[in-house]
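Reviewing the structure listed below.
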Amino acid sequence: MSAPPALQIREANAHLAAVHRRAAELEARLDAAERTVHAQAERLARHDQLLRAALDELGRAKDREIATLREQLLTSEATAHSLQAAVHQRDELIRQLQPRAELLQDICRCRLPLARLLSALAEAERLGPLPSNDPGHPLPGGPGPPLANSTGEEGDRDQLQPAVFGTTV
């Protein structure tokens with residue numbers, strides 16, 4: 001075999017050099033892409049780690065808030081039961097006081113007639129007793145002889161005494 005001509009060798013060498021440059025260029029781009037991918041993977045891993053930490057903290061905060069709300073619910077339920085018991089006690093007291101209130105209302109309705117009666121009794125007391133008169137000479141149009149006890153027992157009893165008005169108020 002004969003040796004290839006020099007021109008072919010130069011062209012082949014130029015072609016090999018171009019292929020070698022292109023391979024080196026592609027390897028450099030591949031290394032740069034690998035570094036970029038590696039850096040992006042690290043950033044994503046850090047970001048993922050930060051997200052997990054934030055989610056964990058949110059979960060703990062949610063659990064704390066749920067615990068606080070449960071405590072508030074228990075406290076509110078206890079307060080509600082306490083208030084219901086107080087309402088029941090007050091209802092029972094109202095039930096016990098109702099007859100007394102009705103009695104006081106009746107008394108208040110009788111107040112005016114009672115005040116008139118007391119006023120009339122005070123006037124009668126101010127007038128004093130009737131002057132004594134001679135039993136043989138009764139007052140004209142006045143009372144007749146004293147009446148006997150209405151029970152029919154007329155035995156040892158003296159005659160009825162004249163009435164004297166007085167008050168105990």
Side-chain angles (χ1 to χ4, degrees), residues 1-129 149-151 161 163-169:
M1 261 202 99
S2 77
L7 181 64
Q8 267 185 334
I9 292 175
R10 275 188 282 194
E11 285 178 1
N13 282 341
H15 181 68
L16 280 175
V19 168
H20 184 63
R21 278 192 309 272
R22 178 77 178 139
E25 182 182 302
L26 289 174
E27 283 179 3
R29 285 178 63 190
L30 179 63
D31 286 343
E34 284 177 349
R35 283 192 303 270
T36 301
V37 167
H38 183 67
Q40 286 176 345
E42 285 179 5
R43 281 195 305 268
L44 285 174
R46 281 193 307 268
H47 185 66
D48 188 43
Q49 188 178 15
L50 289 174
L51 283 177
R52 284 188 184 144
L55 287 174
D56 289 344
E57 180 58 33
L58 282 174
R60 286 190 296 272
K62 175 193 63 100
D63 292 341
R64 284 191 302 268
E65 187 173 352
I66 287 172
T68 300
L69 291 173
R70 282 189 178 143
E71 287 177 22
Q72 288 176 350
L73 177 63
L74 291 174
T75 302
S76 296
E77 286 175 346
T79 301
H81 289 312
S82 173
L83 290 173
Q84 286 174 343
V87 165
H88 179 71
Q89 286 176 340
R90 291 206 174 119
D91 286 345
E92 181 63 23
L93 181 61
I94 288 170
R95 188 189 64 74
Q96 291 173 358
L97 293 176
Q98 190 65 37
R100 293 174 189 223
E102 291 169 2
L103 179 62
L104 284 174
Q105 286 175 343
D106 288 345
I107 289 171
C108 287
R109 280 192 286 271
C110 296
R111 185 173 158 230
L112 187 58
L114 181 60
R116 287 183 192 142
L117 175 64
L118 290 175
S119 175
L121 288 174
E123 179 64 21
E125 190 174 278
R126 187 185 63 76
L127 291 175
N149 191 347
S150 63
T151 60
Q161 298 293 321
V164 176
F165 291 105
T167 60
T168 58
V169 179

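With a 4.5 Å cut-off on side-chain heavy atoms, E25 and R21 do not count as touching. Between D91 and R95, the closest side-chain pair of non-hydrogen atoms is not below 4.5 Å.
If you take CD on E11 and CG on L7, they are separated by 4.5 Å, rounding to the nearest 0.5 Å. One finds the CD1 atom of I66 at 12.5 Å from the CG atom of L73 (value rounded to the nearest 0.5 Å). Residue L51 holds its CG atom at 4.0 Å from NE2 of H47, rounded to the nearest 0.5 Å. Annotation: the span from L74 atom CG to T79 atom OG1 amounts to 10.5 Å, rounded to 0.5 Å. The distance from atom CG of L114 to atom CG of L121, rounded to the nearest 0.5 Å, is 9.5 Å. For the atom pair OG1 (T36) and NE2 (H38), the distance works out to 11.0 Å, reported to the nearest 0.5 Å.
Within a 6.0 Å radius of CZ in R60, other residues, nucleotides and ligands contribute more than 12 heavy atoms. Q49 CD: 12 or fewer foreign heavy atoms inside a 6.0 Å radius.
Looking at E77 and R70, no side-chain N of the basic residue comes within less than 4.0 Å of a carboxylate O on the acidic one, giving no salt bridge. Using a cut-off of 4.0 Å between Lys/Arg side-chain N and Asp/Glu carboxylate O, E65 and K62 are scored as not salt-bridged. D48 and R52 are joined by a salt bridge, as a carboxylate oxygen and a charged side-chain nitrogen come within less than 4.0 angstrom of each other.
Side-chain N or O atoms of S76 include one that pairs as donor or acceptor with a backbone N or O of Q72 at under 3.5 Å. Panel note: side chain S119, backbone A115; no donor-acceptor pair is recorded below 3.5 Å.
For residues 106-118, the set of pairs meeting the salt bridge (Lys or Arg N to Asp or Glu O under 4.0 Å) definition, not counting sequence neighbours, comprises D106-R109.
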Q: Show the numbers, then the answer: is there a side chain to side chain donor-acceptor pair (under 3.5 Å) between Q84 and H88?
A: CA-CA 6 Å; Q84 286 174 343; H88 179 71; over 6 Å; no

